[in-house]
Number of protein chains: 2
Amino acid sequence: MRADARRNHTRLLNAAASAFAEHGENASLDDIAKRAGVGSGTLYRHFPTRRALLEAAYAARIEALGVRGEELSRSLPPGEALTMWLHELCAATIQVRGLKTLLGTAATDTPLTTCGTLVKSTATTLLTAAQSEGTLRPDLTPTDLLRLTQGVATAAELGGGEAREIERYLGWLLDGIRVSGD
Amino acid sequence: MRADARRNHTRLLNAAASAFAEHGENASLDDIAKRAGVGSGTLYRHFPTRRALLEAAYAARIEALGVRGEELSRSLPPGEALTMWLHELCAATIQVRGLKTLLGTAATDTPLTTCGTLVKSTATTLLTAAQSEGTLRPDLTPTDLLRLTQGVATAAELGGGEAREIERYLGWLLDGIRVSGD
DNA sequence: ACCTGAACACCGTTCAAGT
DNA sequence: ACCTGAACACCGTTCAAGT
C-alpha cells in the first residue's frame, strides 16, 4: 500500500468516526471526504459502500465488546456475566449512533459481516454457559438473544437511554427468558 | 376549502400511501407529488412536513387499532385482550412500513401527535384492566408497555416478522412483566 | 385562495484526466 | 497505483408568477 493511500485511509476513518458521532449513520459521505481533505472518489475507492465505512469506523468498538465478553465470562458466574454483557451491548447500541444498523447484521443465523460474526460468537459463548447452568430456557438461541437485546435497546432508547431504563427493561426480558415452573 | 384543493388533498394521500408502502417511510416526496399529478409546492402546502404526511396517510390504520382495542376489551378477559392487542400492534408495526416512526411518538409520557394520543389511551385502558386483575406488575406504565412493544416488534422484524416470531417474543416479554413470587 | 414549476442547495456516485 | 474534482442524476424546499 502506498504511503499516501495509507494516510488517506486513516484520515477517512477518523473523519467518519466524528461525522457519524455528530450526524448519525446517515452523515454525508461528501462531508466526510471533505473533512478528511480527500477527493470524494478516494472515499469510494477505500470504502465502496456506506456500510463498509461504518463497519471499519466501529471495528475497534466491536472488538472491545468481544474482549469484554471474554473477560466477563472468566471473572463472573455465567448468569451474571451474560447479564452484564447484554447491558453493555445495549448501552453501546444506544450511545454509539449507527451501531444499531451494524449489530443488526449479527442477529441473523449466519452473520455476513466480520463484526456480526464476532458479536454472535461472544453471545453464543455467554449464552451456552448460562443455559448449561439450567436457569435459562434451552430453546433460546443466540440469534433470539441478540434480536431481543436490540429490542430492549430500542425500548430503552425511546425512554432516553439512561442506564436505569436499560436495567429495568433488560431485567424484565431476563425474567421472561428464564426457565419457569421449577 | 376549494374543490381542487380537496381533490388534491385526497390524491396526495393516496399517492403517499402507495409510495410509503413501496419505498418505506423515506419515499421521495417529489415522486409522491408527481404520482398525485400535482406540483411539488402543493404537497408542501397541504403537508408541511414529511411526518404530517405520514400521519395523515396512516390515520385510518391507527384509528382501526384504537377501535380494535375497544372491541377486544369488551369481548375478552383483560389479560387476553391485552395480549391480542399487543400482537396486532406489533404485526401492524412490522407490516406497515413507516408506522414504527409514527408509533414512536406514542411511547412518550405526553404524546404530541393525534395518533400518539389515541394509541396511548387504548394501551392505558387495556393495561389498567389487566393490572387490576393482579397478574401484571403494577409498576409497569403504559409508556413502558408501548416502548417494550416497539422493542418486540424490532426483535421480530429482525427475524422476518412472521406471526410465529411475534408470538414467541411477545410471550417472553409478557412472562417477564407478570407479577412473580405469587 | 390555491396551484405550478423553475430555481437553488445539497448529496451520492462515476469516471476521465492527472501524478 | 492512487488521487482529484468535474459531471450527472436525484431529492428537498422555496417562492415568484400564474389562475
Side-chain angles (χ1 to χ4, degrees), chain A residues 1-59 96-102 104-105 112-113, chain B residues 1-59 96-102 104-105 112-113:
Chain A
M1 201 171 197
R2 240 166 59 176
D4 55 347
R6 171 163 298 281
R7 198 203 46 184
N8 284 339
H9 188 89
T10 64
R11 277 196 186 180
L12 279 167
L13 280 183
N14 290 336
S18 61
F20 286 141
E22 256 179 72
H23 302 109
E25 59 174 321
N26 292 316
S28 155
L29 295 182
D30 202 55
D31 178 55
I32 291 175
K34 275 206 187 74
R35 288 195 202 208
V38 144
S40 49
T42 303
L43 187 154
Y44 285 93
R45 162 173 289 273
H46 286 277
F47 307 101
T49 67
R50 167 177 245 110
R51 162 148 289 175
L53 182 58
L54 252 184
E55 190 165 2
Y58 289 141
V96 185
R97 303 173 78 175
L99 207 57
K100 189 186 285 190
T101 310
L102 217 51
T105 68
L112 297 174
T113 62
Chain B
M1 200 172 197
R2 240 167 56 178
D4 55 347
R6 172 164 299 279
R7 197 203 48 185
N8 284 339
H9 189 90
T10 64
R11 277 196 187 178
L12 279 166
L13 281 182
N14 290 336
S18 62
F20 287 140
E22 257 180 70
H23 303 107
E25 59 175 322
N26 292 318
S28 156
L29 295 182
D30 202 55
D31 179 55
I32 291 175
K34 276 205 186 75
R35 287 194 202 209
V38 144
S40 49
T42 302
L43 187 152
Y44 285 92
R45 163 174 288 274
H46 286 277
F47 308 100
T49 67
R50 167 176 246 111
R51 160 149 293 173
L53 182 57
L54 252 184
E55 190 166 2
Y58 289 141
V96 184
R97 304 173 77 175
L99 206 57
K100 189 185 284 190
T101 311
L102 217 51
T105 67
L112 298 174
T113 62

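Computation of the quantities below employed the complete heavy-atom set of this structure, encompassing side-chain atoms and omitting hydrogens, waters and symmetry-equivalent molecules. In the text below, chain A, chain B and the rest are named by the order of the sequence lines, each starting its count at 1. Just so it is clear, the structure is predicted and the values come from calculations on it, not from any experiment.
- Of the possible donor and acceptor atoms, none in the side chain of B/Arg35 sits under 3.5 Å from a partner among the backbone N and O of B/Asn14.
- Proximity of B/Asn8 to the phosphate of C/dC2: no side-chain N or O atom is located under 4.0 Å from OP1 or OP2.
- Residue A/Thr42 is in base contact, counting any heavy-atom pair closer than 4.0 Å across all strands shown.
- Figure legend. C/dC3 is base-paired to no nucleotide; pairs are counted as Watson-Crick or G-U wobble with both atom distances under 3.5 Å.
- Out of C/dT4, C/dA6, C/dT14, the shortest distance to the side chain of A/Ser40 is found at C/dT14.
- At distances below 3.5 Å, at least one donor-acceptor pair connects side-chain atoms of A/Arg97 with backbone N or O atoms of A/Glu22.
- Looking only at distances, a side-chain donor or acceptor of B/Arg50 sits under 3.5 Å from a matching main-chain atom of B/Glu25.
- Phosphate proximity of D/dG12 to B/Ser28: present, with a side-chain N or O under 4.0 Å from OP1 or OP2.
- When distances run from any side-chain atom of A/Ala5 to the nucleotides D/dC3, D/dT14, C/dG12, the shortest one goes to D/dC3.
- A side-chain contact (heavy atoms from CB on, under 4.5 Å) with A/His46 is found for exactly one of A/Leu53, A/Leu13, A/Leu12, namely A/Leu12.
- Among C/dC3, D/dG12, D/dC2, the nucleotide with an atom closest to any side-chain atom of B/Arg50 is D/dG12.
- Counting only heavy atoms from C-beta on, B/Asp4 has its side chain closest to C/dC3 among D/dC3, C/dT13, C/dC3.
- When the nearest nucleotides of DNA chain C are assigned to A/Pro48 and B/Arg7 by heavy-atom distance, the more 5′-ward of the two goes with B/Arg7.
- Map B/Tyr44 and B/Gly41 each onto its nearest nucleotide of DNA chain D; the residue landing nearer the 5' end is B/Tyr44.
- Across A/Val38 and A/Leu43, no two heavy atoms sit closer than the pair CG1-N, 4.2 Å.
- For D/dC3, the OP1/OP2 oxygens have a side-chain nitrogen or oxygen of A/His46 closer than 4.0 Å.
- Pairing for D/dG12 is with C/dC8, a Watson-Crick or G-U wobble pair whose two hydrogen-bonding atom distances lie under 3.5 Å.
- Within the nucleic acid shown, A/Asp31 has no heavy atom closer than 4.0 Å to any nucleic acid atom.
- Atom P of nucleotide C/dC2 and atom CZ of B/Arg11 are separated by 17 Å, given to the nearest angstrom.
- Comparing B/Val38 and B/Arg2 along DNA chain C, the residue whose closest nucleotide (by nearest heavy atom) sits nearer the 5' end is B/Arg2.
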